[in-house]
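Quantities reported herein were computed from a predicted structural model and do not represent experimental measurements.
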Amino acid sequence: MNIAVVDDEEAIREQTGGFIKKRNPGFDISIFAMGEGLLAAGKDFDIIFLDIQMEGMDEK
């Protein structure tokens, strides 16, 4: 299973990714600081944990 964790706070990214990996060692976890990184990965994910309030692409 391919899972992405996207959050602008490093502690949240590491905690969430570590939690998933600890319980499911066979899962492929990708961690991103911004949505742009997720899109640039060019990879299909089964699950995406996404912080909905981040700076970046949708800022006006």
Note to self: Working to the nearest 0.5 angstrom, can you tell me the gap between F32 CZ and L39 CG?
What the structure shows: 9.0 Å

Next item on the list: Kindly give the heavy-atom pair with the smallest separation between F45 and L38, and that separation in Å.
Entry: CE1-CD1, 3.5 Å

Check: Which atoms form the tightest heavy-atom contact between I20 and F49, and what is the distance?
Finding: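 Looks like CD1-CE1, 3.5 Å.
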
Note to self: Once salt bridge (charged side-chain N to carboxylate O under 4.0 Å, His left out) is applied, what residue pairs with a partner in residues 20-33 remain, sequence neighbours excluded?
What the structure shows: D28-K43

Note to self: So, using side-chain contact (heavy atoms from CB on, under 4.5 Å) as the criterion, who are the partners of L50 when residues are at least two apart?
What the structure shows: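 So L50 forms a side-chain contact (heavy atoms from CB on, under 4.5 Å) with V6, I48, M54.
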
Next item on the list: Scan residues 3-19 for pairs that pass side chain to side chain donor-acceptor pair (under 3.5 Å), counting only residues two or more places apart or in two chains.
Entry: none

Notebook entry, point to check: Are F27 and D46 close enough that some pair of their side-chain heavy atoms sits under 4.5 Å apart?
Noted result: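 No - every pair of side-chain heavy atoms lies 4.5 Å or more apart.
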
Note to self: Do D44 and N2 have side chains that approach each other closer than 4.5 Å (heavy atoms only, starting at C-beta)?
What the structure shows: no

Checklist line | Transitive ILVMFWY side-chain link V5 to F19, under 4.5 Å | finding: no

